[in-house]
Student: 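Sharing a structure with you now.
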Amino acid sequence: MEEWLTAAGVLGGSPRTFLAQGHVDLIVRAWGDAPRGPGLAAAAKWLMLTWILDDRFDDQWIGRPPAGARQTVHALTDVLETPRPTYGSAEGRACRKTEDTGKTGRTGHTGPADPLVRAFAVLWDETAALTTPAWQARYAAHFRSYLYASLDYLEASTAGETVPTLPEYLFHRDRDGAVLCAAGWTELAHGLDISDEVYRHPQVADVLMRFNHVVCWVNDLYSAQGESAAGNGKNLLRSLTVHEGLAPDSAAARVGALCEAELMTFEFLADGIARGPSWPEEVRAFSRALIRFAHALVHWTATARRYRTTEVRR
């Protein structure tokens, strides 16, 4: 990962310092049971790249005119909307062979000045060579949703609306956490191909929404202090203290209780699918993988250096 981050040039600082936050440990905990290969490598890169992009939204772009963020979001959206090599085609296989070189197997994404956009384009090509058009369309929709929900908050902050109300927070947080993108990474890592029909099934949709809540709310619980110091008011604890009148300790206790309850419910429902004989084995494997990812993410968020400045009631 350090070699890839260095070659891609997507960090303003040292890749070693970035990795000291424990991202590799998270990948091992989340996908340590996945087969080694191009799918796992692509999933790991997506996790890293999305976290770097998150840092831009949550820290670097906060309090600044949103023009730079808007330009990057539009460039990334353009990448997602560019036709990709067909899955299984000769061109697609050529992309797969170039994944370790840091270059694209297509016409070459050398135009964008932003290294993050270039790395994103190369990774999207690599991923397209591993996935079906249906997977790509679903993933692109989830990633666009994440991008524009995050951009919406930056633009609202520029207009002086720094802390969303609780209803505003709940509406946007289901989209701006990139958690459904993480479900796609889990498919990639394990070589799964879950259909849109399965994603839309009420039981699976419920599990995915609770998975979304767990990841986002646990993140809010541990990142509140650091985000507040950076001027970022997009946090469940901040909404509860500013708009609901809760003291900081009471807000932390309430969010902690919500996280525990939602994690327990998510695991109960996901395990029901994982052990349900009526579900196809691929869906059962996906459900088991989501449980493992959620627990890995909760552990990492609670222990990673990234959030050590935050003191919360456990």
Side-chain angles (χ1 to χ4, degrees), residues 27 30-31 33-51 53 76-99 104-106 109 119-149 174-175 177-209 211-212 215 270 273-274 279-294 297:
I27 290 167
W31 301 318
D33 59 338
R36 294 196 175 190
L40 178 58
K45 290 177 184 178
W46 277 114
L47 185 148
M48 296 283 190
L49 207 59
T50 306
W51 231 287
L53 185 55
L76 294 174
T77 301
D78 286 345
V79 170
L80 291 171
E81 293 176 351
T82 300
R84 320 316 296 170
T86 304
Y87 173 69
S89 68
E91 189 180 7
R93 289 192 297 273
C95 284
R96 290 183 61 174
K97 291 178 182 178
T98 62
E99 65 182 2
T104 177
R106 298 176 66 248
H109 290 288
F120 186 94
V122 172
L123 180 54
W124 188 226
D125 276 348
E126 293 176 8
T127 303
L130 300 168
T131 55
T132 64
W135 186 96
Q136 294 165 37
R138 183 172 66 234
Y139 185 79
H142 292 326
F143 213 97
R144 280 194 299 270
S145 181
Y146 154 68
L147 289 172
Y148 281 106
D174 287 341
R175 298 185 295 130
V179 180
L180 291 179
C181 297
W185 309 338
T186 299
E187 287 184 74
L188 265 180
H190 287 272
L192 303 173
D193 181 20
I194 306 302
S195 69
D196 287 344
E197 182 181 7
V198 169
Y199 261 80
R200 290 193 297 265
H201 190 284
Q203 284 181 258
V204 176
D206 190 19
V207 164
L208 287 168
M209 185 53 66
F211 175 63
N212 197 339
V215 173
I273 293 175
W279 290 98
E281 175 52 34
E282 190 168 49
V283 179
R284 295 166 68 184
F286 179 56
S287 193
R288 289 192 296 269
L290 288 179
I291 293 171
R292 176 165 177 152
F293 185 95
L297 201 288

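All residue numbers refer to positions in the sequence shown, counting from 1.
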Student: Would you name the heavy atoms of A140 and W124 that are closest together and state the gap between them?
Tutor: CB-CZ2, 4.3 Å

Student: List in chain and number order the residues that pass side chain to side chain contact (heavy atoms under 4.5 Å, CB included) with T77, two or more places apart in sequence or in another chain; answer none if no residue qualifies.
Tutor: V73, E81, R144, L147, Y148

Student: Measure the spacing between CG of L53 and CG of L76 and express it to the nearest 0.5 Å.
Tutor: 6.0 Å

Student: Applying salt bridge (Lys or Arg N to Asp or Glu O under 4.0 Å), can you list everything that pairs with E281, at least two apart in sequence or on another chain?
Tutor: R284, R288

Student: Can you give me every donor-acceptor pair (side chain of residues 181-193, partner residue at least two apart or in another chain, under 3.5 Å) with its distance?
Tutor:
{"unit_1": "W185", "atom_1": "NE1", "unit_2": "Y139", "atom_2": "OH", "d": "2.8"}
{"unit_1": "W185", "atom_1": "NE1", "unit_2": "C181", "atom_2": "O", "d": "3.3"}
{"unit_1": "T186", "atom_1": "OG1", "unit_2": "A182", "atom_2": "O", "d": "3.1"}
{"unit_1": "E187", "atom_1": "OE1", "unit_2": "R138", "atom_2": "NH2", "d": "3.4"}
{"unit_1": "E187", "atom_1": "OE1", "unit_2": "I194", "atom_2": "N", "d": "2.9"}
{"unit_1": "E187", "atom_1": "OE2", "unit_2": "R138", "atom_2": "NH2", "d": "3.0"}
{"unit_1": "E187", "atom_1": "OE2", "unit_2": "Y199", "atom_2": "OH", "d": "2.8"}

Student: Give me the atom names and distance for the closest heavy-atom approach of P38 to L130.
Tutor: O-CD1, 3.7 Å

Student: Which heavy atom of I27 sits nearest a heavy atom of A44, and at what distance?
Tutor: CD1-CB, 3.7 Å

Student: Determine the minimum heavy-atom distance between I273 and S287, stating which atoms define it.
Tutor: CB-OG, 3.8 Å

Student: State which residues pass salt bridge (Lys or Arg N to Asp or Glu O under 4.0 Å) with D33; sequence neighbours excluded, sorted by chain then number.
Tutor: R292

Student: Applying side-chain contact (heavy atoms from CB on, under 4.5 Å) to L180 and Y146, what does each step give before you reach the verdict?
Tutor: CA-CA 9 Å; L180 291 179; Y146 154 68; over 6 Å; no

Student: How close do T127 and A42 get, counting heavy atoms only, and between which atoms?
Tutor: OG1-CB, 4.2 Å

Student: Just distance, no hydrogens or angles: give the donor-acceptor pairs under 3.5 Å from side chains in residues 201-209, sequence neighbours left out.
Tutor:
{"unit_1": "H201", "atom_1": "ND1", "unit_2": "Q203", "atom_2": "N", "d": "3.1"}
{"unit_1": "D206", "atom_1": "OD1", "unit_2": "R210", "atom_2": "NE", "d": "3.1"}

Student: Is the shortest side-chain heavy-atom distance between K45 and E126 below 4.5 Å?
Tutor: yes

Student: Hey, what do you get for CH2 (W46) to CZ (F120), rounding to the nearest 0.5 Å?
Tutor: 4.0 Å

Student: Using the test side chain to side chain contact (heavy atoms under 4.5 Å, CB included), find all partners of V215 that sit at least two apart in sequence or belong to another chain.
Tutor: V179, F211, L297

